[in-house]
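Reviewing the structure listed below.
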Amino acid sequence: MNTIPDLDLHLFTEGKHRRAHEHLGAHPVDGGVRFAVWAPSARSVHVLCDADGWSGEHELQAQGSSGVWAGVVDGAGIGTTYHFRITAQSGERLDKADPFGAAHHEAPSTDSLVADLSFEWNDGDWMSSRHENSSLRSPMSIYEVHLGSWGRTLSDGQRFPNYRNLADPLADHCLAHGFTHVEFLPIMEHPFYGSWGYQTTGYFAPTSRYGSPQDLMALVDRLHQRGVGVILDWVPSHFPTDDHGLARFDGTHLFEHADPRQGFHPDWNSAIFNYGRNEVRSFLLSSAICWLDRFHVDGLRVDAVASMLYLDYSRQAGEWIPNEYGGRENLEAIGFLRQLNEAVYDEFPDVVTHAEESTAWPSVSRPTYVGGLGFGGKWDMGWMHDTLQYMQRDPMHRAWHHGEITFRSVYMGSEHYVLPLSHDEVVHGKGSLLQKMPGDDWQQFANLRLLYSMQWFQPGKKLLFMGGELATRHEWNHEANLDWSLHDVPMHEGVRLALAELNGLYLTEPALHRGDADADGSGIGMQWIESHDSEQSVFAFLRTDPTGESRPVLVAMNATPIPRHNYRLGVPSDGRWEAIFNSDEERFGGSGVGNGEYVDTTPVDAHGQRQSILITLPPLAAVAFVPASAS
């Protein structure tokens, strides 16, 4: 008789089990712990644990022809340390951490831990209303965080902070700056801290560096109580080849492809999942569902999707195997990503999935029933690349590269986009965002405020990596703290204040978020007013609410250090227009050039409109206006 129910074994081997973690792994039962692991090519599987002082090997039994081994170890319980000893058909012995383990010991230990997963949640108000925060028409401003270096100063000299200790300081910081969500770089267990979590070994366990699973639950619970959503980076694209991990798990290439042309990732020296294997799909599906269910997280950002979609990703001719039709598309990975999103949105329709996908693959964020991959959003890597390239140019050269800013309008309605300025842009010698900006010190800060204005006023959800709000002068170092000493230094404080103001407008002006994405075919809420004035490096556009219920927002930007006086812009309604933002305000560290509280229209045709306003465009700055009479 099988220890694991036959239906669950069937679903697991069919590649359709979404909650295999509820059956495989370690689960306390009366008098002991039930252990179960998938190792179809093993000759035998044993559990070694400290419940008996590591004095015995507890044999597991094969569960029919499923490839799963299971059994109960009497006397084991919550807190028991263990690992599996797998004897391969060759006689080789492999000591492995539990692939479904809910907790693991901190490196350099490779042992797993029977976890206490009980927790009394107090986030019912958030959970019952979070669908309002995941809508395509809702504002979503994401603060990307690496836990180990965000709050290390809070841990009393310890190397790592604790999940619980970070909860209120992180919520305070997000709310003070107007962020709606945090996104954590992968917190799944990983042996090498310097991988930032992107080399995952524990797909069901939060890293023990920052505490227990219950500690993470407490962090999420508290953030939810404070009104902050939680998104996790998740890495189903590859995994490290550490001896205790998934690679050659039962002496065979079980989770990964055997052929290195399919199973080895040249960029990261890691193994690639075999998405064509049913049990691997069940494993990954269950991992995704586990984080959403067990930990109440509000979304997953799927890393390195492009590397999954293309068989020739980072490979030369002859280094990859075409699909059955001779093409470069990874059909098995495509099928898995569609299955993943269908499962996630079926069980949790009020969460989000975002894809880090860097190519022009079509319909990444469109439903699977119309041929899409089914993601809720896609990182706009093109916007990031073009905008940073433009902003790094000396302003005197920007006139010849005007299209780097306007080109996005060609494709911005094709996906549901997230505009990211992520950790990837401030590491490996790239410098901080402030360092990238040209000019003297004043111009660098002005350019940075202009960069954030470009990000926040354009359609798309927003993402900024920690430290960007502080305008750090050095690139991110995962072994150090953020430079919190900059928090109240005048020019740095000005960037924080400007960012908080932008987030405030993004949250309170419906035209700035309801038109973020083409939610129902009504179109993206942006129309260019001036997109051709390359000579003066001026851009102007109107953000509109596709529902027509709220007032438009007129945005104008000057990407040169020369103020533009009496600049005429056509507007859709006559009367008085109120100035609601100016990144050149003195309180932001600017020069204080501006337009006062209001400007009035005159009946002069401009930009296809019958009335217009004359404004001053401050140096290296963005300004925004709304009709004063509108509600």
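For reference, positions follow the sequence shown, starting with 1.
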Using salt bridge (charged side-chain N to carboxylate O under 4.0 Å, His left out), reason through Lys436 and Glu425 one step at a time and then give a plain yes or no.
CA-CA 10 Å; Lys436 297 179 194 292; Glu425 312 320 316; 5.5 Å; no
Student check: side-chain heavy atoms of Met412 and Trp383 closer than 4.5 Å
no
Compare every heavy atom of Leu292 with every heavy atom of Gly299, then report the nearest pair and how far apart it is.
N-CD2, 4.1 Å
Apply side chain to side chain donor-acceptor pair (under 3.5 Å) to Ser212 and list each qualifying residue two or more places apart in sequence or on a separate chain.
Asp215
Of all pairs that satisfy salt bridge (charged side-chain N to carboxylate O under 4.0 Å, His left out), the ones with a partner from residues 448-466, not counting sequence neighbours:
Lys461-Asp516
Side chain proximity check, His513 to Arg137, heavy atoms < 4.5 angstrom
no
With side-chain contact (heavy atoms from CB on, under 4.5 Å) as the test, would you mind laying out the steps for Gln455 and Leu421 before giving the verdict?
CA-CA 9 Å; Gln455 183 178 14; Leu421 291 174; 3.1 Å; yes
Go through the steps to decide whether Trp291 and Tyr203 satisfy the test side chain to side chain donor-acceptor pair (under 3.5 Å), and finish with yes or no.
CA-CA 9 Å; Trp291 295 103; Tyr203 276 81; over 6 Å; no
For residues Thr353 and Tyr345, is any side-chain donor paired with an opposing acceptor at under 3.5 Å?
yes
Is the closest side-chain heavy-atom distance between Met466 and Trp476 below 4.5 Å?
yes
May I ask you to decide if the ring planes of Phe239 and Phe273 are parallel, tilted or perpendicular, using 30° and 60° as cut-offs?
tilted
Are more than 12 heavy atoms, taken from residues, nucleotides or ligands other than Asn323, located less than 6.0 Å from that residue's CG atom?
yes
I'd like to check the ring-ring contact (aromatic ring centres under 6.0 Å, His included) partners of Phe457; sequence neighbours left out, ordered by chain and number.
Phe581
With no hydrogens and no angle check, do the side chains of Tyr452 and Ser583 hold a donor and an acceptor under 3.5 Å apart?
no
Quick one: does Phe184's side chain get under 4.5 Å of Glu144's, heavy atoms only?
no
Using salt bridge (charged side-chain N to carboxylate O under 4.0 Å, His left out), reason through Arg514 and Glu549 one step at a time and then give a plain yes or no.
CA-CA 10 Å; Arg514 287 185 185 166; Glu549 297 173 358; 3.2 Å; yes
Is it true that Arg496 and Glu501 have a side-chain N and a carboxylate O under 4.0 angstrom from each other?
no
Can you check salt bridge (charged side-chain N to carboxylate O under 4.0 Å, His left out) on Asp380 and Arg408, steps first, answer last?
CA-CA 9 Å; Asp380 192 344; Arg408 182 172 187 256; 2.7 Å; yes
Regarding Thr472 and Asp483, do their side chains bring together a donor and an acceptor under 3.5 Å, going by distance alone?
no
Under 3.5 Å, is there a donor on one side chain and an acceptor on the other for Thr13 and Asn278?
no
What residues form a side-chain contact (heavy atoms from CB on, under 4.5 Å) with Asn503, not counting sequence neighbours?
Ser141, Phe179, Trp456, Tyr506
Distance-only donor-acceptor check, side chains His17 and Arg281, under 3.5 Å
no
Nearest atoms (heavy-atom pairs only) where Ala102 meets Pro206:
O-CD, 3.8 Å
Under a 4.5 Å cut-off applied to non-hydrogen side-chain atoms, are Met140 and His354 in contact?
yes
With sequence neighbours left out, the residues meeting ring-ring contact (aromatic ring centres under 6.0 Å, His included) with Trp379 are none
Which atom names give the shortest non-hydrogen contact between Glu469 and Gly467, and what distance separates them?
OE1-N, 2.8 Å
Between Trp121 and Phe295, is the gap from one ring center to the other below 6.0 Å?
no
For Glu509, enumerate each residue passing the side chain to side chain donor-acceptor pair (under 3.5 Å) test, keeping only those at least two apart in sequence or located in another chain.
Arg551
Regarding Ser149 and His146, is there a side-chain donor-to-acceptor distance under 3.5 Å anywhere?
yes
Does any non-hydrogen side-chain atom of Met217 lie less than 4.5 Å from one of Tyr163?
no
May I ask you to check whether Ser287 and Trp234 show a side-chain donor-acceptor distance below 3.5 Å?
yes
Would you name the heavy atoms of Arg338 and Gly372 that are closest together and state the gap between them?
NE-O, 3.0 Å
Sequence-distant partners of Phe407, ring-ring contact (aromatic ring centres under 6.0 Å, His included), two or more places apart:
Tyr411
State yes or no: are the ring centers of His428 and Trp196 separated by less than 6.0 Å?
yes
On the 0 to 90° scale, with breaks at 30° and 60°, tag the Tyr193-His190 ring pair as parallel, tilted or perpendicular.
parallel
Using only heavy-atom distances, determine whether the side chains of Ser550 and Asp545 contain a donor-acceptor pair under 3.5 Å.
yes
For Ser118, is there any backbone N or O sitting under 3.5 Å from a side-chain donor or acceptor partner on Gln214?
yes
Check the side chains of His104 and Ser208 for a donor-acceptor pair under 3.5 angstrom, ignoring hydrogens and angles.
no
Tell me yes or no: between the side chains of Glu189 and Thr207, is some donor less than 3.5 Å from an acceptor?
yes
Could you check, using the six-membered ring where one of them is a Trp, whether Trp484 and His173 have ring centers closer than 6.0 angstrom?
yes
Of all residues at least two apart in sequence or in a different chain, which pass the ring-ring contact (aromatic ring centres under 6.0 Å, His included) check with Phe204?
His21, Phe100, Phe283
Should we say atom NE2 of His385 is surrounded by more than 12 heavy atoms from elsewhere, each under 6.0 Å from it?
no
Scan for salt bridge (charged side-chain N to carboxylate O under 4.0 Å, His left out) pairs involving residues 348-357, sequence neighbours excluded, and state none if there are none.
Arg130-Asp350, Arg301-Glu356, Glu357-Lys378
Sequence neighbours excluded, the answer for side chain to side chain donor-acceptor pair (under 3.5 Å) partners of Asp172 is Arg226
Go through it in stages, so that I can follow the logic: the residues are Glu475 and Ser432, the test is side chain to side chain donor-acceptor pair (under 3.5 Å), and I'd like the CA-CA distance, side-chain angles, deciding distance and then a yes or no.
CA-CA 4 Å; Glu475 69 176 29; Ser432 69; over 6 Å; no
Does any part of the side chain of Leu470, heavy atoms only, come nearer than 4.5 Å to the side chain of Val495, both counted from C-beta?
no
Looking at residues at least two apart in the chain, or sitting in another chain, which of them share a salt bridge (Lys or Arg N to Asp or Glu O under 4.0 Å) with Glu404?
Arg393
Which atom pair, heavy atoms only, marks the closest approach of Leu166 to Gly151?
CD2-CA, 3.7 Å
Under the side chain to side chain donor-acceptor pair (under 3.5 Å) rule, collect the residues that match up with Asp123, sequence neighbours excluded.
His224, His296
Under a 4.5 Å cut-off applied to non-hydrogen side-chain atoms, are Val426 and Leu433 in contact?
yes
When rounded to the nearest 0.5 angstrom, what is the spacing between CD1 in Ile524 and CZ in Arg543?
8.0 Å
In terms of side-chain heavy atoms, does Tyr198 have a donor or acceptor partner in Asp233 at a distance below 3.5 Å?
yes
